[in-house]
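Reading through the structure tokens given below for one structure.
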Amino acid sequence: MTALPVTLDDIAAARARIAGRVRRTPMLADPVLARRLGVPVLMKAEHLQETGAFKLRGATSAVLALSPDALSRGVVTASTGNHGRALAHAAKLAGTRAVVCLSRLVPQNKVAAIRALGAEVRIVGASQDEAMVEVARAVRDEGLTEIAPFDDAAVVAGQGTIGLEIVEDAPDAAAILVPLSGGGLIAGVAVAVKALRPDARIVGVTMESGAAMIASLAAGAPVEVEETASLADSLGGGVGLQNRVTFPICRALLDETVLVTEAEIAGAMRHLAALGHVVEGAAAVGTAALLSGKVRAQGPAGGPVVTVLSGGNVDPALHARVVAGANSAESA
């Protein structure tokens with residue numbers, strides 16, 4: 001653990017840094033899925049976080065870790081939506097400028113929410129990788145300070161506070177299913193959980209198309225993948241070819257990775273909606289893995305299974321169409 005770029009001490013420091021600025025989200029039960037699987041199924045409700053997603057933890061941690069000079073120059077990031085919204089919120093509270101670079105694939109409801117917080121939005125290209133080129137230019141030419149969406153130790157430490165809360169609220173958890181994209185969320189959760197509960201399984205779940213971290217882990221190094229439309233739009237984008245933080249943590253600590261289909265994601269969104277939880281597709285992938293049987297519960301002796309409901313910033317019209325039966329972003 002000491003050789004990794006983020007440690008349990010870093011996460012504890014981030015927790016102290018962000019205290020009072022983020023919500024300690026509840027752990028909720030999924031009684032329907034629990035009956036089906038024969039073990040307790042718990043849900044870490046980050047869709048109830050301020051700004052609607054877990055990203056506020058990492059963005060706030062990173063902004064508050066900046067030097068006064070770096071903060072005064074303003075911050076910039078690339079995002080699939082939720083990190084940009086979180087950074088806009090954190091920057092506004094810190095009294096500094098925020099620039100958020102987005103691709104054309106980011107849903108309009110997320111773009112509007114970022115603008116509503118006072119950030120400058122720049123739409124660049126058709127992938128997060130293209131948006132990141134604009135970030136590099138803004139840092140070089142405008143002097144802005146980059147807050148990366150995932151490959152940043154302070155961001156990962158902030159997301160790791162979720163892992164601390166999971167261990168506190170479900171100390172006997174046998175498996176924790178975490179949405180997997182660039183790896184900021186799962187890396188932070190994995191560092192915290194493996195330090196405190198090394199026997200708990202950490203399972204990364206993502207959509208079939210454009211699974212950048214899974215492709216990178218298989219290749220043994222970060223690789224690029226084509227980004228396509230998905231119900232799990234928040235899980236789009238690459239891991240960055242120069243990744244220094246999340247890739248090594250994921251390689252060291254993930255026990256399993258799972259791919260789910262668009263239809264399985266849609267079914268999980270419907271399942272959660274029936275329980276009263278409106279979540280985006282990215283937040284439903286853990287539930288999709290359980291519903292589909294791609295991740296199996298270990299039995300009563302193994303303890304409960306925890307899924308992370310990472311965000312609820314879904315376009316209401318899209319969610320309504322999925323609940324009505326649509327099974328993909330295109331058909332929705």
Side-chain angles (χ1 to χ4, degrees), residues 22-23 25 45-60 76-93 98-128 130-132 134 147 149-150 179 181-182 184-185 206-207 209-210 227-237 262 265-266 268-270 272-273 276-285 287-288 308-332:
V22 304
R23 294 174 181 165
T25 54
E46 284 296 299
H47 64 303
L48 303 180
Q49 184 58 260
E50 186 76 21
T51 74
F54 75 95
K55 290 282 191 176
L56 186 63
R57 296 173 185 259
T60 302
V76 63
T77 197
S79 174
T80 53
N82 286 335
H83 174 67
R85 184 172 179 177
L87 185 63
H89 180 91
K92 185 176 182 179
L93 288 182
V99 176
V100 180
C101 302
L102 308 167
S103 83
R104 292 192 297 271
L105 292 179
V106 175
Q108 285 303 305
N109 68 302
K110 294 184 177 180
V111 176
I114 293 168
R115 286 198 174 109
L117 287 167
E120 176 188 341
V121 171
R122 299 178 185 177
I123 307 297
V124 184
S127 71
Q128 188 175 35
E130 291 181 72
M132 290 175 75
E134 173 61 16
I147 302 291
F150 52 85
S181 179
L185 172 58
T206 194
M207 70 285 191
S209 179
E227 189 172 343
T228 59
S230 171
L231 287 173
D233 57 90
S234 294
L235 301 183
E262 293 296 300
I265 295 169
M269 291 173 70
R270 287 191 283 271
L272 291 164
H277 306 298
V278 176
V279 303
E280 53 194 278
V285 294
T287 303
V308 178
L309 302 186
S310 53
N313 294 324
V314 60
D315 179 81
L318 170 64
H319 188 266
R321 291 194 293 273
V322 169
V323 170
N327 279 336
S328 72
E330 289 82 1
S331 64

Val322 and Ala266 have their tightest heavy-atom pair at CG1-O, 3.8 Å
Do Val314 and Val278 have side chains that get closer than 4.5 Å, going by heavy atoms?
yes
Starting at CG of Leu231, measure out to CG of Asn327 and round the result to the nearest 0.5 Å.
8.0 Å
Between Glu120 and Ala98 (side chain of the first, backbone of the second, donor and acceptor by atom type, cut-off under 3.5 Å), is there such a pair?
no
Between His89 and Leu56, is the side chain to side chain contact (heavy atoms under 4.5 Å, CB included) condition met? List the steps.
CA-CA 8 Å; His89 180 91; Leu56 186 63; 3.5 Å; yes
To the closest 0.5 Å, what do you measure between CG (Leu105) and CG (Asp233)?
9.0 Å
Ala126: which residues meet the side chain to side chain contact (heavy atoms under 4.5 Å, CB included) condition with it, sequence neighbours left out?
Arg104, Glu130
Just do the side chain to side chain donor-acceptor pair (under 3.5 Å) check on Ser103 and Ser127 with the steps written out, would you?
CA-CA 5 Å; Ser103 83; Ser127 71; over 6 Å; no
So do the side chains of Val323 and Met269 get within less than 4.5 Å of each other, counting heavy atoms only?
no
Do Thr206 and Val285 have side chains that approach each other closer than 4.5 Å (heavy atoms only, starting at C-beta)?
no
Between Gln128 and Glu227, which heavy-atom pair has the shortest distance, and what is it?
N-OE1, 2.9 Å
Can you give me the closest heavy-atom contact between Ile265 and Met207, atom names plus distance?
CD1-CB, 3.9 Å
If you compare all heavy atoms of Val106 against all heavy atoms of Thr80, which two are closest, and at what distance to 0.1 Å?
CG1-O, 3.6 Å
Applying side chain to side chain donor-acceptor pair (under 3.5 Å) to His83 and Thr77, what does each step give before you reach the verdict?
CA-CA 8 Å; His83 174 67; Thr77 197; 3.1 Å; yes
Looking at Ser234 and Ser181, what are the two nearest heavy atoms and their distance?
O-OG, 4.0 Å
Let me confirm one number: the CZ-CD distance from Arg122 to Glu134, rounded to the nearest 0.5 Å.
5.0 Å
Minimal heavy-atom distance between Ser79 and Val100, with the atoms involved, is CB-CG1, 4.2 Å
Rounded to the nearest 0.5 angstrom, the OG-CG distance for Ser310 and Leu235 is 6.5 Å
Does Glu46 come within less than 4.0 Å of Arg57, counting only side-chain N to carboxylate O?
yes
Quick check: do Val111 and Leu102 have side-chain heavy atoms less than 4.5 Å from each other?
yes
Taking Pro149's backbone N and O only, do any of them form a donor-acceptor pair with Lys55's side chain (distance below 3.5 Å, no angle check)?
yes
State which residues pass side chain to side chain contact (heavy atoms under 4.5 Å, CB included) with Asn313; sequence neighbours excluded, sorted by chain then number.
Ala53, Asn82, Arg85, Lys110, Glu280
Atom pair CD1/SG of Ile123 and Cys101 - distance to nearest 0.5 Å
9.0 Å
Distance check, rounded to the nearest 0.5 Å: Leu87 atom CG versus Thr60 atom OG1?
9.0 Å
